[in-house]
2 protein chains.
Amino acid sequence: MSDEGRTKGATETAKLGPPAYVVLGMVSLGACSGYEIKQMVELSIRFFWTISQAQIYPSLELLERAGLVSGREQPRGRRARRVYEITADGEAALAAWLRADEPMPFELRDIGMVKLFFASALEREDALSLLEAVRRRSEERVKTLRQIESTARHAEQEGNAYPLVTLRLGIEFHKAMIDVCREFEPQLAALEPGQPATRAP
Amino acid sequence: MSDEGRTKGATETAKLGPPAYVVLGMVSLGACSGYEIKQMVELSIRFFWTISQAQIYPSLELLERAGLVSGREQPRGRRARRVYEITADGEAALAAWLRADEPMPFELRDIGMVKLFFASALEREDALSLLEAVRRRSEERVKTLRQIESTARHAEQEGNAYPLVTLRLGIEFHKAMIDVCREFEPQLAALEPGQPATRAP
DNA sequence: TTCTCCATGTAAGTAGTTACATGATTGG
DNA sequence: CCAATCATGTAACTACTTACATGGAGAA
């Protein structure tokens, strides 16, 4: 516990939640305005973390009060705009969060898998289309992620390989899901048409 | 706001959310009491869906009012206990939900991947331990899931193959994550010690 | 007797979203 | 001039969790 720096920063830092750190991280990567942070999230981490606009502006205020970012008005023409930069304290706080060995639960909430789990309540044909729907969803996702790949490779060339790592993580686990679906589809298809999806005991 | 639902079944069914269908599904698989439903969730779908006890009892009431389950008091000794069975309407509603082609978003919220995405703010050593932590987490998860495998195989032998499908889905996508981590670990380790985790442009 | 499990229920709180509200600027 | 985009802010709401509250039953 580094209770060393006892600017009010340190005390406030303790209560920051993941959304605030996400905002801080995006500012550290060069996102200036709240609007830009939202866009950057949509272009990058949206597949494993989302944040709504309504969370961003309060988070920025919080971070500024804690001294982790500094903001100033920088209107574009007559349109109001506040831009932020990360401070030294902010860099330290971000790194401390990244290093912290708190639990990192893998939180998955997937109605698709839930439905599949209960698919014994369906007839074979319907269960098969459910399985196919789950597969197709992952195929779509892989396609989408592949489209982002060039951006991530570009970031890698510029010295930041981590977006590419998380992208690969996403691509590969959806590919794994596709494989499992493909493995079970023929087995299901082999059952008698019109039968319940379960076999008799 | 509530149009005093006098046509029970159809109108009420429309507003059931995922938690209620999960409860319905568990009753359909033989879970009797609220307590047992909670336990069954913890033993099965907890890795892709969770439900807290505080949601279960209200859901059961809702389902019963909608005629999708029927409950009766069945105390064990002097200990109060209400047991439920799925009704024909309930079976139909469950199947209709499973067949519905609503969107099934794959919702993942993973602080581990978020941290990895921002790992360029760390020095090489710390970034490497983060990557290793993400890998170890998946290794743990695979271990846990393997322990459930026998239960799922047993269910398969008894005619319900779907728990095994979802289990395999979980195992394989975590195995994919482990592979990606193992691929990047040596690359990171190859960088100079003490260097920032990013390479120069 | 005391600990753990069985069993239900609810009040209070958190985290997050959607939707609304406002208005400037740019590009076709 | 109209639509899309840039830009901020907030009120109301939903979904869900945590924690508390209660108490019987079985086993050590």
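First the proteins, then the strands, lettered A, B, ... as listed; each starts at 1. Just so you know, these numbers use all the heavy atoms, side chains as well, and skip hydrogens, waters and symmetry mates.
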Practice prompt. Step by step, work out the side-chain contact (heavy atoms from CB on, under 4.5 Å) result for A/M104 and B/R137.
Written response: CA-CA 8 Å; A/M104 307 184 297; B/R137 185 183 60 164; 3.9 Å; yes
Worksheet item: Taking it one step at a time, do A/R168 and B/E183 satisfy side-chain contact (heavy atoms from CB on, under 4.5 Å)?
Response: CA-CA 10 Å; A/R168 282 289 309 284; B/E183 185 190 327; 2.8 Å; yes
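- Within 4.0 Å (heavy atoms only), B/S59 reaches no atom of the nucleic acid at all.
- Side-chain atoms of A/Y57 and A/V23, non-hydrogen and from C-beta on, never get closer than 4.5 Å to each other.
- A sub-4.0 Å separation between OP1 or OP2 of D/dA7 and a side-chain N or O of A/R81 is present.
- One finds a side-chain N or O of B/Y57 lying less than 4.0 angstrom from the OP1 or OP2 phosphate oxygen of C/dT8.
- Judged by distance alone, with hydrogens and angles left aside, the side-chain atoms of A/R82 form no donor-acceptor pair with the main-chain N or O of A/S33 at under 3.5 Å.
- Counting non-hydrogen atoms under 4.0 angstrom, A/A54 reaches a base of the nucleic acid.
- Ring-plane geometry between B/F173 and B/F106 is classed as perpendicular, the angle between the planes exceeding 60 degrees on a 0 to 90 degree scale with a lower cut at 30.
- At whole-Å resolution of the value, CD1 in B/I111 and C1' in C/dA15 are 13 Å apart.
- Five base pairs at each end of the helix from C/dT1-D/dA28 to C/dG28-D/dC1 define two local axes, and these are offset by 30° (rounded to 10°).
- Among the nucleotides D/dT8, D/dG24, C/dT8, the one closest to any side-chain atom of B/S33 is C/dT8.
- Proximity of A/T50 to the phosphate of C/dG16: no side-chain N or O atom is located under 4.0 Å from OP1 or OP2.
- In this entry the distance linking NZ of B/K15 with C1' of D/dA15 reads 17 Å, nearest Å.
- The CD1-C1' distance, from A/I37 to D/dC6, rounds to 14 Å in whole Å.
- A donor-acceptor contact shorter than 3.5 Å links the side chain of A/S44 to the backbone of A/M40.
- Distance CH2 (A/W49) to C1' (C/dG16): 11 Å, rounded to an integer number of Å.
- A/S52 comes within 4.0 angstrom of a nucleotide base, judged by non-hydrogen atoms across all strands.
- B/P19 comes within contact range of the sugar-phosphate backbone alone, with a heavy-atom separation under 4.0 Å but no base atom that close.
- Among C/dC5, D/dA7, D/dT18, the nucleotide with an atom closest to any side-chain atom of A/R76 is D/dA7.
- Distance CD (A/E42) to P (C/dT17): 10 Å, rounded to an integer number of Å.
- As rounded to whole Å, 13 Å separates atom C1' of D/dA15 from atom CZ of B/R109.
- A sub-4.0 Å separation between OP1 or OP2 of C/dT8 and a side-chain N or O of B/Y35 is absent.
- Judged by distance alone with a 3.5 Å cut-off, a donor-acceptor contact links the side chain of A/Q53 to the base of D/dT8.
- Note on B/Q39: only backbone sugar-phosphate atoms sit closer than 4.0 angstrom, heavy atoms only; bases stay farther off.
- Side-chain atoms of B/H154 do not come within 3.5 Å of backbone N or O of B/S150 as any donor-acceptor pair.
- Within 4.0 Å (heavy atoms only), A/Q74 reaches no atom of the nucleic acid at all.
- Nucleotide C/dT14 holds its P atom 18 Å from the CD atom of B/Q55, rounded to whole Å.
- When the nearest nucleotides of DNA chain D are assigned to A/P58 and B/I51 by heavy-atom distance, the more 5′-ward of the two goes with A/P58.
- Here the side chains of B/I148 and B/L167 are in contact, with some heavy-atom distance below 4.5 Å.
- Atom CZ of A/R79 and atom P of C/dT26 are 7 Å apart (whole Å).
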